[in-house]
Amino acid sequence: MGWLVRSKIITIFVFAILILPASNVFAFSNGQPATVVIGQGTFTSNIAGTTATALQNPSGISFDSAGNLWVVDFNNNRVLKYVAPITTGEAATVVIGQGSFTTGTFGTTATTLHTPFGISFDSAGNLWVADRGNNRALKYAAPITSGEAATVVVGQGTFTTGTSGTTATTLNGPVGISFDSAGNLWVTEFNNNRALKYPTTISQVTGQLTVIANTCGINVVSGAPINYGSLTPGSISTEQTVVLQNTGTASGTLAVHGTDWLDGSSIAQILVGNTKFSTASNTYASKTALTTVDQTVGTINPTPNLSTFWQVQVNLISSSFSGSLTQTTTFSNSC
């Protein structure tokens, strides 16, 4: 009987092990000692330094998709990468914000930082830095290399300004930075007591521009097709110049159609803005928004009296736009 009891006890013990929650495998205990230290050679030193193995008041930390460790080195005005697997006292292999591992000078350019605080990676592996002292957030395009220049700045209009502000386009002491599941950028501002959301861009690839043939002889001289680039909801694309001429013998009336700029729900999610340029007055007329209504926009005289240019813009109204990324702006004419 003794062996039977012992067998049951062993069975119960094994069963208890099998049903332990998976989270217990990664449990931490109060007062548990660290096993790896970065920035120091041992667990009993805390000397600040400016080398590939030293840090000075680090503030932020993150891991990339490959498991490499990235550390924001606040007072050295830099961000450092440590290659996985991380070992005690290992040297950083990439530095951002400085040209070398032995400098810590702050600056306000595309290649420098000023007391950076937080970092995050977007879904494409690009590195984003909350550059607190410069009142901005910077994007570094993957793959990240030492000393590389940022490609996008948020909170400033250029890479060489660092002015604080309290508007929708300015920042004041950004410290936290992260991305939500939809890819939108979020930044917390220490000095403005707020968090801001920057919506992810939606790519508008190409806009075709066509003049429907008629006896007036109006045609496109240049400017088609149009590449509008990438748009953020609520923003306007760069103006694209379209030159039209009339090679016929009579003046032609021009009408533009905006009905193609719709999504599947037949709601005008995109506006096409245009303005007519007159060589006589050397000025642009006010822009007209095109939605679902065909609009008469002017008269083009026969050449050599080339009298009309067009500046066409796209304004992405909503991030929910689901129409085709290739759109058509159609001009028709009659005479």
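Worth knowing before you read on, the calculation uses all heavy atoms, side chains too, and leaves out hydrogens, waters and symmetry mates.
For the pair Thr145 (side chain) and Glu148 (backbone), a donor-acceptor distance under 3.5 Å is absent. At distances below 3.5 Å, at least one donor-acceptor pair connects side-chain atoms of Thr109 with backbone N or O atoms of Thr111. Here the side chain of Ser45 pairs no donor or acceptor atom with the backbone of Ile47 at under 3.5 angstrom. Panel note: side chain Asn135, backbone Gly173; a donor-acceptor pair is recorded below 3.5 Å. Within the 3.5 Å criterion, the main-chain N or O of Phe106 finds no donor-acceptor partner in the side chain of Thr112.
Side chains of Glu189 and Asn172: a donor-acceptor N/O pair is absent below 3.5 angstrom, by distance only. In this structure, a donor-acceptor pair under 3.5 Å is absent between the side chains of Thr105 and Thr103.
Val79 places a side-chain heavy atom less than 4.5 Å from the side chain of Leu113. Between Asn75 and Leu55 the shortest side-chain heavy-atom distance does not fall below 4.5 Å. Residues Thr50 and Gln56 have side chains in contact (heavy-atom distance under 4.5 Å, counting atoms from C-beta outward). Counting heavy atoms from C-beta on, the side chains of Asn184 and Trp186 come closer than 4.5 Å. With contacts defined as side-chain heavy-atom distances shorter than 4.5 Å, the pair Gln156/Asn134 does not qualify.
Across every non-hydrogen atom of Thr87 and Ile38, the tightest pair is O-CD1, 3.4 Å. Residue Tyr198 comes nearest to Val187 through the heavy atom pair CE1-CG2, 3.9 Å, listed as atom of the first residue, atom of the second, then distance. Across all their heavy atoms, Pro116 and Ser59 have their closest contact at O-OG, 3.4 Å. Listed here is the closest heavy atom pair of Ala142 and Gly125: CB-O, 3.3 Å. Tyr140 and Ala150 make their closest contact through CE2-N, 3.6 Å (heavy atoms, listed as atom of the first residue, atom of the second, distance). What you find for Gly104 and Asn77 is that their closest heavy atoms are O-ND2, 2.7 Å.
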Exercise. Walk me through it: do Thr53 and Thr51 pass the test side chain to side chain donor-acceptor pair (under 3.5 Å)?
Key: CA-CA 5 Å; Thr53 56; Thr51 66; 3.3 Å; yes

Quiz item: Given the rule in the side chain to side chain contact (heavy atoms under 4.5 Å, CB included) test, do Arg194 and Thr166 qualify, once you have shown the distances and angles that lead to the verdict?
Solution: CA-CA 10 Å; Arg194 64 183 186 177; Thr166 311; 4.0 Å; yes

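Within the model, atoms CG of Asp122 and CH2 of Trp128 stand 7.0 Å from one another, a figure rounded to the nearest 0.5 Å. Between the CG atom in Leu196 and the OG1 atom in Thr170 there is a gap of 8.5 Å [rounded to 0.5 Å].
When each of Leu185, Val129, Thr188, Leu138 is tested with Ile177 by the rule side chain to side chain contact (heavy atoms under 4.5 Å, CB included), just one qualifies, namely Leu185.
Val175 and Leu171 are assigned to two separate hydrophobic clusters, defined by single-linkage of ILVMFWY side chains at heavy-atom distances under 4.5 Å. Under the 4.5 Å side-chain heavy-atom criterion for grouping Ile, Leu, Val, Met, Phe, Trp and Tyr, Val95 is connected to Leu69 within one hydrophobic cluster. Under the 4.5 Å side-chain contact rule for hydrophobic residues, Val36 and Phe43 do not share a cluster. Both Ile144 and Ile119 belong to a single network of hydrophobic side chains, linked directly or stepwise wherever heavy atoms of I, L, V, M, F, W or Y lie under 4.5 Å apart.
Pairs of residues two or more places apart, or lying in two chains, that qualify as salt bridge (Lys or Arg N to Asp or Glu O under 4.0 Å) and include a residue from residues 78-104 are Asp73-Arg78. Applying the salt bridge (Lys or Arg N to Asp or Glu O under 4.0 Å) test to pairs two or more places apart or on separate chains, those with a residue in residues 123-135 are Asp131-Arg136.
By the ring pair (Phe, Tyr, Trp, His ring centres under 6.0 Å) test, Phe101 is found to be paired with no residue, residues two or more places apart in sequence or in another chain being considered.
Ring pair Phe121/Trp70 is perpendicular by interplanar angle, where above 60° counts as perpendicular and below 30° as parallel.
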